[in-house]
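The block underneath contains the structure these notes are about, expressed in structure tokens.
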Number of protein chains: 2
Amino acid sequence: MFNQKKKFQEYLKSKSLAFSKERKIILDEVFSTSGHFEAEDLLFSLRKKKKRVSRATVYRTLDLLVKSGSVSKINFGEAHSHYEHILEQEYHGHLVCLKCGKIIEFENEKIGKLKNEEAKRNNFQIMRHSLEFYGYCSRCRK
Amino acid sequence: MFNQKKKFQEYLKSKSLAFSKERKIILDEVFSTSGHFEAEDLLFSLRKKKKRVSRATVYRTLDLLVKSGSVSKINFGEAHSHYEHILEQEYHGHLVCLKCGKIIEFENEKIGKLKNEEAKRNNFQIMRHSLEFYGYCSRCRK
DNA sequence: TTAACAATTGAGATTCAGTCTCAATCTCAA
DNA sequence: TTGAGATTGAGACTGAATCTCAATTGTTAA
């Protein structure tokens with residue numbers, strides 16, 4: 001957590017951007033929630049706490065967080081994006097239930113091997129990945 | 001290709017849905033393009049060929065194609081979705097260049113192993129997957 | 001300290017992919 | 001031939017995300 005927060009502050013510094021009041025509010029909120037969240041949820045939980053930050057600033061700051069590498073943007077096949085703060089887990093994916101929407105995280109070091117293989121084979125410098133398996137969870141499969 | 005087209009027709013039959021003129025037009029167009037495409041592109045290439053099908057029908061038919069399992073919907077981190085017709089390749093992912101947007105496909109049977117491992121571990125019935133590596137291609141990396 | 005400039009913000013307008021509505025049309029089994 | 005249900009197109013609508021722009025807040029150089 002601390003590292004990630006610091007990472008963001010360092011990113012701002014390196015780009016001569018300010019660590020403004022609003023950016024601090026958003027950063028704290030992001031790292032106080034666990035797991036995944038949506039931009040609109042973040043906006044409304046700030047509203048509930050009377051911490052007024054505009055929608056534009058929320059989206060702008062989320063972009064910065066993604067660029068700084070402390071948050072990642074994921075897509076679960078819905079219209080809008082989800083975010084999650086990056087943990088220590090590096091080889092991380094999701095199982096998404098097509099019926100009830102449940103999301104299970106997993107970690108599997110095979111992802112790292114795959115990443116290295118394909119990076120080498122295609123002469124690609126891989127920065128991040130996204131891996132989702134869609135199907136039916138134990139409750140929803142018949 | 002043929003198999004996939006047939007698969008769609010069988011899906012329609014199994015749901016007592018018609019293989020209408022419009023659905024045929026869209027099906028043919030989808031399988032005449034290679035690789036990835038976007039819904040709006042499809043719409044406009046049909047317009048150019050004077051084959052008028054409404055936007056609603058294009059989206060509706062793409063949904064059916066996805067449900068039938070002959071086309072898959074992918075997300076490359078942009079606001080809108082991309083589609084691709086499903087090939088024989090089962091263990092298939094993408095490398096997406098963050099600078100020039102180039103997309104390289106790859107196939108790697110490690111994906112199958114990963115899928116089986118996680119399906120078993122989490123008691124999940126996996127229907128499909130999506131794997132994207134984001135980074136810089138050989139041209140764009142310094 | 002001040003002047004000049006850049007970064008930051010909020011409110012609301014705007015965009016754009018995708019969905020919905022609904023009347024008109026088509027299909028096909030009885 | 002009838003009617004129930006499937007299908008369609010046009011355009012209204014939705015909702016996430018972006019853009020605009022004037023006001024405000026740093027920051028830097030002199």
Give the rounded distance in Å between these two atoms: [atom1] of [X] and [atom2] of [N].
X: B:K21; N: D:dG9; atom1: NZ; atom2: P; result: 7 Å
X: A:E78; N: D:dA16; atom1: CD; atom2: P; result: 10 Å
X: A:L43; N: C:dG10; atom1: CG; atom2: P; result: 10 Å
X: A:K13; N: C:dA7; atom1: NZ; atom2: C1'; result: 17 Å
X: A:K24; N: C:dT8; atom1: NZ; atom2: P; result: 17 Å
X: A:E22; N: D:dT24; atom1: CD; atom2: C1'; result: 11 Å
X: B:I26; N: D:dT8; atom1: CD1; atom2: C1'; result: 11 Å
X: B:L62; N: D:dT8; atom1: CG; atom2: C1'; result: 16 Å

What is the minimum heavy-atom distance between [X] and [Y], and which atoms define it?
X: B:I126; Y: B:K115; value: CD1-O, 3.6 Å
X: A:S130; Y: B:Y134; value: CB-CE1, 4.1 Å
X: B:V53; Y: B:R47; value: O-NH2, 4.3 Å

For DNA chain C, the dot-bracket notation using Watson-Crick and G-U wobble pairs below 3.5 Å, [ ] for pseudoknot-type crossings and | for other-strand pairs, is ||||||||||||||||||||||||||||||

Within the 3.5 Å criterion, strictly below it, is a donor on B:H36 or B:E84 matched to an acceptor on the partner's side chain?
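Looking only at side-chain atoms, B:E84 and B:H36 do form a donor-acceptor pair, the distance falling under 3.5 Å.
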
Will you find, in the side chains of A:H80 and A:E40, an N or O donor that is under 3.5 Å from an N or O acceptor?
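Per modelled atom types, A:H80 and A:E40 side chains form no pair under 3.5 Å.
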
Side-chain N or O of B:S20 closer than 4.0 Å to phosphate OP1/OP2 of D:dT8:
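For B:S20, the contact criterion (side-chain N or O under 4.0 Å from OP1 or OP2 of D:dT8) is met.
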
It should be established whether B:T57 places a side-chain nitrogen or oxygen under 4.0 Å from OP1 or OP2 of nucleotide D:dG9.
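So the side-chain polar atoms of B:T57 do come within 4.0 Å of the phosphate oxygens OP1 or OP2 of D:dG9, strictly under.
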
Any heavy-atom pair between the side chains of [Y] and [X] that's under 4.5 Å?
X: B:I74; Y: B:E132; value: yes
X: B:R121; Y: A:F106; value: no
X: B:Y83; Y: B:V66; value: yes

Strictly under 4.0 angstrom, non-hydrogen atoms only: write out the protein contact profile of nucleotides 18-24 of chain C, one letter per nucleotide from the 5' end, B, S or -.
SBBB---

Using a 3.5 Å cut-off and no angle test, enumerate the donor-acceptor pairs between side-chain atoms of residues 21-28 of chain A and protein atoms at least two apart in sequence or in another chain.
unit_1 : atom_1 : unit_2 : atom_2 : d
A:R23  : NH1    : A:A18  : O      : 2.9
A:K24  : NZ     : A:D28  : OD2    : 2.8
A:D28  : OD1    : A:K5   : NZ     : 3.0

Starting at the 5' end of DNA chain D, which residue's closest nucleotide do you reach first, B:R52 or B:K15?
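It is B:K15, whose closest nucleotide lies nearer the 5' terminus.
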
